[in-house]
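Here the structure is laid out as structure tokens; the discussion comes afterwards.
Numbering of residues begins at 1 and proceeds along the displayed sequence. The structure displayed is predicted, hence computed values, not measured ones.
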Amino acid sequence: MTITADAPPARFGPGRLLKEVLTGGAVGAAVTAFVVGCVLERASLVVLGPLLGAAYGLLLLLATRPRRRREAAVAPRTALARIEALESAGGEATDMPTRFELSVVPDGAPAFRVEIRQEVHVAELADLRAGGAVVVAYPPDRPERARIVRRPTPEWEERAAGASLDPAPGPLLGGEAAGHRGEGYLLLLGLLLGVAAVLLPLRAELFGPAGAAPAETARPGPTATASGTGSTTTVTSGMGTVVLGPGRSMLDPGELRKAVESLTERPEGRRALTLVVRERLLVVVLAPPGGTRAGGFDPRSLPYDRLPALVEEAGPGEWQVTADALTDPLVLRIVVTGDGGARTLEADGRGRVLRRTGD
């Protein structure tokens, strides 16, 4: 029989909650600056968006370095755990994102329940079942960060094979605890603040009447504009945009492919550096004319038939798809912002899921 007691709750201090707001603000401002820069054809905003995200990431890395050093200096605790429930997200990836509910039974310490999410290889998933025992490791002061040890030592593997563990009563750490929901709301608040910080100063140029844009937004170079049935296409020397009319979506059958072909039907067959798709907006940053073919990708080669399923798999909410080959090969990033915060799904050039974050 196990000794059971309530585990200490996860700690959510002001610093951690402030970090969620700042993270959401940085992500919202960076993505919005990039998209608005593409729409208004402002190179400064197009560059500012990725730079803002990179700068915040570097500051966050430096700010959390002392804490990460302290955590690394503390040896993790190893214990046996009983699998109470598990649920795999499925998909085509080799490593499946899986949710576990565990009863962790440390030696000489109270047992506790915890919910974790961990990627598990499809070959190992068949060996994991409800009621079975596994070996876990976790920081002594952060039990909600428990992880299943894939290759335990022979001693622990033997203990797990012959263990019979009882379920642990008490609260469930991690998962959908109120503190985690609060973090999600703060992340969403930060996203909205970041978006507003970029949109409000530029609202006149974005939403003003046609032809009312300030003179400094004009750009030299050839420009072609065409208005079709319910859509507007604009092509300049370095960028192309398509805006659909009300009631239409880029995820409608054949809509995105037709929009891309309208921007790439020129004889020179321009390649793309970056492609951004939202509900009714397509923005393609074109490679310089005469550049090497390695500098970008053919936007007509995207897995159009897979994009609606990838957006649906990423989750409900306002979505954005970004395609680029800056770190060859081509990578698709689907970012969805909803009530639960921001979620990201990455796929390769064939539409195969590579990884997910924010589940």
Side-chain angles (χ1 to χ4, degrees), residues 2 4-12 16 19-20 23 64 67-68 71-72 74-91 93-107 109-153 156-157 159-160 163 165-184 187 313-315 340-346 353-359:
T2 62
T4 59
D6 291 350
R11 295 171 296 178
F12 303 101
R16 187 173 176 182
K19 187 197 74 172
E20 297 299 323
T23 300
T64 58
R67 177 179 57 80
R68 288 184 286 109
E71 292 180 351
V74 178
R77 176 175 292 176
T78 305
L80 295 178
R82 169 190 167 94
I83 300 177
E84 303 295 345
L86 73 161
E87 179 182 357
S88 176
T94 303
D95 290 333
M96 300 263 190
T98 307
R99 183 184 68 86
F100 292 91
E101 289 185 17
L102 304 173
S103 289
V104 182
V105 187
D107 292 338
F112 59 91
R113 298 174 62 229
V114 65
E115 177 182 338
I116 65 172
R117 284 173 170 80
Q118 183 172 340
E119 291 188 350
V120 180
H121 196 278
V122 290
E124 301 173 353
L125 194 59
D127 298 330
L128 302 175
R129 65 187 185 280
V134 292
V135 180
V136 299
Y138 61 92
D141 58 337
R142 302 296 295 274
E144 73 277 5
R145 292 190 176 182
R147 307 293 292 175
I148 295 176
V149 180
R150 292 189 175 186
R151 296 175 179 82
T153 63
W156 280 102
E157 188 174 8
R159 290 185 59 182
L165 306 176
D166 295 333
L172 184 66
L173 302 182
E176 297 299 325
H180 289 269
R181 292 197 298 268
E183 287 189 26
L187 182 65
E313 186 173 347
R343 299 174 299 280
T344 302
L345 182 146
E346 292 189 6
V353 177
L354 299 176
R355 63 183 61 87
R356 301 174 179 84
T357 59
D359 290 341

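A salt bridge does not link E157 to R159: none of the charged side-chain nitrogens sits closer than 4.0 Å to a carboxylate oxygen. Classification of R113 and E115 as a salt-bridged pair fails, no side-chain N sitting under 4.0 Å from a carboxylate O.
Partners of R355 by side-chain contact (heavy atoms from CB on, under 4.5 Å), not counting sequence neighbours, listed by chain and number: E346. Judged as a side-chain contact (heavy atoms from CB on, under 4.5 Å), and not counting sequence neighbours, the contacts of V135 are T78, L80, V149, P152, W156, A160. Residues meeting the side-chain hydrogen bond (donor to acceptor under 3.5 Å, both in side chains) test with R77, sequence neighbours left out: none. Qualifying salt bridge (charged side-chain N to carboxylate O under 4.0 Å, His left out) partners for E87, counting only residues two or more places apart in sequence or in other chains: R99. The side-chain hydrogen bond (donor to acceptor under 3.5 Å, both in side chains) check on T23 picks up Y56, with sequence neighbours excluded.
Shortest non-hydrogen contact noted between A133 and A163 is CB-CB, 4.1 Å. When every heavy atom of R117 is checked against every heavy atom of R147, the shortest pair comes out as O-NH1, 2.8 Å. Across A111 and P106, no two heavy atoms sit closer than the pair CA-CD, 4.0 Å. Of all non-hydrogen atoms in D166 and R82, the two that sit nearest each other are C-CD, 4.0 Å.
Taking CG of L102 as the start and CD1 of I83 as the end, the distance is 6.5 Å to the nearest 0.5 Å. Here the CD-CG distance, from E144 to L172, works out to 11.5 Å after rounding to the nearest 0.5 Å.
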- request: Evaluate the side chain to side chain contact (heavy atoms under 4.5 Å, CB included) criterion for residues L128 and F100: first the C-alpha distance (whole Å), next the side-chain angles of each, then the deciding distance (0.1 Å), finally the verdict.
  value: CA-CA 10 Å; L128 302 175; F100 292 91; 3.8 Å; yes
message: Assess the residue pair M96 and E119 against the criterion (side chain to side chain contact (heavy atoms under 4.5 Å, CB included)); give the C-alpha distance rounded to whole Å, side-chain angles, the decisive distance to 0.1 Å, and a yes or no.
response: CA-CA 5 Å; M96 300 263 190; E119 291 188 350; over 6 Å; no
message: Please determine whether side chain to side chain contact (heavy atoms under 4.5 Å, CB included) holds for the pair V353 and E313, giving the CA-CA distance in whole Å, both sets of side-chain angles, and the decisive distance to 0.1 Å.
response: CA-CA 10 Å; V353 177; E313 186 173 347; 3.8 Å; yes
- request: With side chain to side chain contact (heavy atoms under 4.5 Å, CB included) as the test, would you mind laying out the steps for R343 and R356 before giving the verdict?
  value: CA-CA 8 Å; R343 299 174 299 280; R356 301 174 179 84; over 6 Å; no
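Judged purely by atom type and a 3.5 angstrom limit, S103 uses its side chain to pair as donor or acceptor with the backbone of A168.
Every pair tested for salt bridge (charged side-chain N to carboxylate O under 4.0 Å, His left out) that includes a residue from residues 126-137 fails, sequence neighbours excluded, so the list is empty.
With contacts defined as side-chain heavy-atom distances shorter than 4.5 Å, the pair P143/L173 qualifies.
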